[in-house]
Amino acid sequence: MACLSFPYAILPSLQQTHSDLQGQDGGDTILLHRSIFSVLDNKCYEWKNMFKNLAGAWCVGSSHGCLVLLDNKATPFILKLSSLLCTQFPPFPPPFLHPLSEANFVTYMRKMFVIKAVLNRSPSRDDSNYILAIIYGCHSKLAFCCKSSTWVEISYAKRSYYDIVLNNNYLHALAQDGSVEVWDLCEEVPRKILYVKPTMEINEQEDKEFPRDLFSTQLYMVLSGGEVLLVKRYIGNFVNEDGRVLYEGDLLSEDDTQPLICPYRTKHFSVYTLLNGTKWEKVTSLHDRVLFLGANESISVPIQALQSCEANTIYFSDDRWEEMNMDYSYGGQDWGVFSLQDRSVKLLLPYTDMVKPPPIWVVPISD
């Protein structure tokens, strides 16, 4: 398919029915199949057996044109979609899962354990030294693994992290306080070679427009054309059919016996660039770039490489793992395109309260 040369979102099978969503995992046969939504022509295509007979596998991310999967025993696999090369990584060690047993981890935590997963390069059959790095667990820790080795926690990384990017063998990590660290993974013990904590001016207008009692935020880091970008995503916690953000107390009135179903939805993005390692400065345009954000590796693509896409936009997908796996009324529905030019959010497909499994962007690269 020509559309596989352009970014696409992994979606549930076009054959999936409402009854397939009722169980925690759905049917194994359905979970082997997926569809894709291509930005080339804004169409969906069915992909039979995408997950290479890994029944019950759950996709936790994408990087370098590959999917990062956890099978039904939570063992990590890398699936390179261009060649369907499927590579198994070592299982997560028991200390990573503590205090849960392996059985309880697989049952209750598998789908929300890995927050972000990235590769340093695209795998090949003759290459066993590529690296998979993850943010994992309730404390958002950092760890990495070479295919031929074992998992290593970066124990000196003491913060909680929002996002990571692997550039060659250097792991860039964005902490929850907006600081940036760079770790050299080539050495026997990972070494932090850079730490900066830039300042960010308070934006009173945004604080007023997106108050904390109505909105949640998520941060992303993107290496974009020689710049380091920080992207702040504003998500309305309860949004009705008219797009209005409500307080949780507004979901149930005296006359109602059941609360309104008002799923979270993204309403806005703000973008900042790192100046001299000391300041996050807000920018109003991405110029000729397009960003892809969500559970995938945060990535910037020049508009010249994308047909049918508009520059200065952000394609985003739902990455609120814990919430989408805890509430069976909605989840996975928060995906679309945001325009920095007119501050609009556009749906790519007709809106629904639930997309399960959730969409994940894949940005192909040249082999």
Side-chain angles (χ1 to χ4, degrees), residues 60-64 68 112-120 131-144 153-185 190-203 206 216-235 266 268-283 286 289 291-301 314-322 338 360-361 363:
V60 297
S62 75
S63 178
H64 285 268
V68 183
M112 60 186 84
F113 178 72
V114 176
I115 299 167
K116 181 62 70 82
V118 298
L119 294 162
N120 64 331
I131 298 172
L132 173 63
I134 61 173
I135 302 175
Y136 76 95
C138 60
H139 298 296
S140 301
K141 296 181 178 180
L142 301 181
F144 71 97
E153 179 190 341
I154 304 181
S155 57
Y156 294 105
K158 299 299 185 182
R159 294 170 176 78
S160 294
Y161 298 88
Y162 267 121
D163 204 359
I164 50 174
V165 177
L166 256 177
N167 186 14
N168 295 318
N169 293 326
Y170 297 101
L171 180 65
H172 298 67
L174 174 67
Q176 292 184 354
D177 62 359
S179 61
V180 176
E181 302 169 359
V182 179
W183 295 82
D184 184 352
L185 304 186
R191 181 170 63 93
K192 183 164 60 178
I193 60 174
L194 178 68
Y195 168 76
V196 293
K197 189 175 181 180
T199 60
M200 180 185 294
E201 293 183 2
I202 296 175
N203 190 317
E206 286 190 353
S216 301
T217 57
Q218 171 73 14
L219 300 181
Y220 304 90
M221 178 175 58
V222 189
L223 305 185
S224 177
E227 292 184 288
V228 179
L229 302 180
L230 181 149
V231 184
K232 192 172 187 178
R233 178 177 181 175
Y234 292 90
I235 306 167
T266 295
H268 185 71
F269 285 89
S270 292
V271 181
Y272 301 81
T273 186
L274 183 60
L275 287 183
N276 302 319
T278 61
K279 179 182 179 181
W280 290 116
E281 182 171 278
K282 188 173 182 179
V283 297
L286 296 169
R289 312 292 293 194
L291 305 185
F292 290 84
L293 305 178
N296 57 289
E297 177 180 11
S298 303
I299 193 165
S300 168
V301 182
I314 298 173
Y315 284 70
F316 62 92
S317 66
D318 199 337
D319 56 3
R320 291 171 70 125
W321 295 112
E322 184 172 356
F338 176 79
I360 292 182
W361 289 108
V363 180

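All values reported here derive from a predicted model rather than from experimental measurement.
- Atom CG of Leu185 sits about 11.5 Å away from atom CZ of Arg191, to the nearest 0.5 Å.
- Between Arg233 and Leu293 there is no side-chain heavy-atom pair separated by less than 4.5 Å.
- In Tyr170, the OH atom is not crowded: 12 or fewer heavy atoms of neighbouring residues, nucleotides or ligands sit closer than 6.0 Å.
- Heavy atoms only, all atoms of each residue included: Asn203 and Lys282 are closest at ND2-NZ, 3.5 Å.
- Annotation: the span from Met200 atom CE to Leu274 atom CG amounts to 10.0 Å, rounded to 0.5 Å.
- Here the closest heavy-atom approach between residue Thr273 and residue Glu227 is recorded as OG1-OE2, 3.0 Å.
- We find the CG-CD1 distance between Leu291 and Ile299 to be 10.0 Å, quoted to the nearest 0.5 Å.
- In terms of heavy-atom proximity, Gly61 sits nearest to Ile360 at N-CD1, 3.9 Å.
- Within the 4.5 Å cutoff, the side chain of Val68 has no heavy atoms near those of the Ile134 side chain.
- Looking at every heavy atom in both residues, Ala175 comes nearest to Tyr161 through CA-CD2, 3.8 Å.
- Considering NE2 of His172 and CG of Leu166, their distance stands at 9.0 Å, rounded to 0.5 Å.
- The two atoms that bring Trp183 and Lys192 nearest to each other are CE3-N, 3.4 Å, heavy atoms only.
- The side-chain heavy atoms of Phe292 and Ser317, taken from C-beta on, include no pair separated by under 4.5 Å.
- No donor-acceptor pair under 3.5 Å is formed between the side chain of Asp163 and the backbone N or O of Leu174.
- A distance of 4.0 Å separates CG in Asn169 from CD1 in Ile131, rounded to the nearest 0.5 Å.
- When all heavy atoms of Gly277 and Pro198 are compared, the pair lying nearest together is O-CG, 4.2 Å.
- For the pair Ile135 and Leu142, the minimum side-chain heavy-atom distance is below 4.5 Å.
- Under a 3.5 Å cut-off, the side chain of Ser62 and the backbone N or O of Trp361 do form a donor-acceptor pair.
- For the residue pair Tyr220 / Asp319, a side-chain donor-acceptor distance below 3.5 Å is found, with atom types taken as modelled.
- Between His268 and Phe338, the ring-plane angle classifies as perpendicular under the 30° and 60° cut-offs.
- In the displayed structure, Tyr156 atom OH is contacted under 6.0 Å by at most 12 heavy atoms of other residues, nucleotides or ligands.
- A donor-acceptor distance shorter than 3.5 angstrom exists from the side chain of Lys158 to the backbone of Ser155, with no hydrogens or angles considered.
- Residues Lys232 and Glu206 are not paired through a salt bridge, judged by the lack of any N-O separation under 4.0 Å between the basic side chain and the carboxylate.
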Using side-chain contact (heavy atoms from CB on, under 4.5 Å), reason through Leu219 and Val231 one step at a time and then give a plain yes or no.
CA-CA 6 Å; Leu219 300 181; Val231 184; over 6 Å; no

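- For the 3.5 Å distance criterion, the side chains of Ser179 and Asp177 qualify, holding a donor opposite an acceptor.
- Side chain of Ser160 to main chain of His139: a donor-acceptor pair is present (N/O by atom type, distance under 3.5 Å, no hydrogens or angles).
- Of the inter-residue distances, the one linking Asn120 atom CG with His64 atom NE2 reads 6.5 Å to the nearest 0.5 angstrom.
- At a threshold of 4.5 Å between non-hydrogen side-chain atoms, the residues Phe144 and Pro190 count as touching.
- For Lys197, the NZ atom is loosely surrounded, since the number of other residues' heavy atoms within 6.0 Å does not exceed 12.
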Walk me through whether Val228 and Met221 qualify under side-chain contact (heavy atoms from CB on, under 4.5 Å).
CA-CA 7 Å; Val228 179; Met221 178 175 58; 4.1 Å; yes

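- Between Asn167 and Val182 the shortest side-chain heavy-atom distance does not fall below 4.5 Å.
- Using a 4.5 Å heavy-atom cutoff, the side chains of Lys116 and Ser298 are in contact.
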Can you check side-chain contact (heavy atoms from CB on, under 4.5 Å) on Leu286 and Leu229, steps first, answer last?
CA-CA 10 Å; Leu286 296 169; Leu229 302 180; 4.1 Å; yes

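- In this structure, the side chain of Trp280 does not engage the main chain of Leu230 through any donor-acceptor pair within 3.5 Å.
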Passes side-chain contact (heavy atoms from CB on, under 4.5 Å), Val271 versus Val222? Steps please.
CA-CA 10 Å; Val271 181; Val222 189; over 6 Å; no

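- In this structure the side chain of Arg320 reaches within 4.5 angstrom of the side chain of Asp318, judged on heavy atoms.
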